[in-house]
Amino acid sequence: MTEAVTSVWGGERVGVRLGPSGTFGSMSDSNPDALFGHAAARLNRFGLAYLHLIEPRIDGSKLRADGLPPVAAHQLRRVFKGPIIAAGGFERDSAEAIVESGDADLVAFGRHFAANPDLVERLRRNLTLSPHDRDTFYGGDERGYTDYPCHDDLAQVA
Ligand SMILES: Cc1cc2nc3c(=O)[nH]c(=O)nc-3n(C[C@H](O)[C@H](O)[C@H](O)COP(=O)(O)O)c2cc1C
């Protein structure tokens with residue numbers, strides 16, 4: 001798959017996302033370290049834009065253990081030669097920490113971004129984040145999709 005896509009677009013325009021600890025759809029592997037270490041090493045030859053990793057902080061919708069060490073990026077950083085994006089249960093402080101540690105180049109936010117359309121500015125200014133409402137995920141209308149307000153301190157320019 002990666003070979004087919006990069007042959008059309010070039011590796012620098014393609015990113016790959018892996019969830020080494022994912023259990024969605026009953027997925028699992030008896031030796032994820034070996035499997036994903038091998039996969040990350042094999043991806044090196046494509047010169048990808050990035051490898052995006054879901055950290056084992058998150059299990060479906062639940063935080064497994066806030067503050068678990070960032071195993072996925074920490075391990076695969078030693079194998080994969082391009083930029084690494086980490087995702088999964090990050091907060092402002094833990095996001096800064098993983099970048100400072102050198103285990104990831106970037107951090108992606110999912111649910112915080114859904115509930116905070118001005119997330120970047122909130123993180124920059126260390127403002128409070130709005131909580132997300134899981135019941136409105138995958139909802140089919142604007143609720144939980146485009147109706148979360150911006151922070152009161154961030155004036156909207158009309
Ligand atoms: C409503 C919703 C839809 C998602 N859809 C996808 C998806 O299609 N593909 C994917 O790789 N991850 C998907 N995710 C997972 C997120 O990309 C992210 O990995 C996850 O929410 C953990 O990061 P977070 O703790 O910052 O939310 C989805 C998450 C949510 C909440």
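Just follow the structure's listing: the first ligand is 1, and inside any ligand the first atom is 1. Count residues from 1 along the sequence.
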>> Polar contacts were defined as any N/O atom of the residue lying under 3.5 Å from an N/O atom of the ligand; does this apply to Gly89 and ligand 1?
In response: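 N/O-N/O distance under 3.5 Å: yes.
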> Would you say ligand 1 has an N or O under 3.5 Å from any N or O of Ala108?
Replying inline: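 N/O-N/O distance under 3.5 Å: no.
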> Can you tell which of Leu106, Leu53, Ile98 makes a side chain to side chain contact (heavy atoms under 4.5 Å, CB included) with Ile84?
Replying inline: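 Only one of Leu106, Leu53, Ile98 forms a side chain to side chain contact (heavy atoms under 4.5 Å, CB included) with Ile84, namely Leu53.
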Quick one: which ligand 1 atoms are inside 4.0 Å of a heavy atom on [X]?
{"X": "Gly88", "answer": "22 (C), 23 (O), 25 (O)"}
{"X": "Tyr138", "answer": "1 (C), 2 (C), 3 (C), 4 (C), 30 (C)"}
{"X": "Phe109", "answer": "26 (O)"}

Would you say [X] and [Y] are hydrophobically clustered, going by side-chain heavy atoms of ILVMFWY under 4.5 Å?
{"X": "Leu119", "Y": "Val99", "value": "yes"}
{"X": "Val120", "Y": "Val107", "value": "yes"}
{"X": "Val16", "Y": "Leu35", "value": "yes"}

> Under a 4.0 Å N-O cut-off, is there an ion pair linking Asp118 with Arg122?
Replying inline: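 A salt bridge links Asp118 with Arg122.
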> Arg17 near ligand 1, heavy-atom distance under 4.0 Å?
Replying inline: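 So Arg17 counts as touching ligand 1.
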> Taking the minimum heavy-atom distance to atom 25 (O) of ligand 1, which of Arg111, His52, Glu55 ranks first?
Replying inline: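 Selected option, by shortest heavy-atom distance: Arg111.
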> Can you name the ring pair (Phe, Tyr, Trp, His ring centres under 6.0 Å) partners of Phe137, sequence neighbours left out?
Replying inline: His132
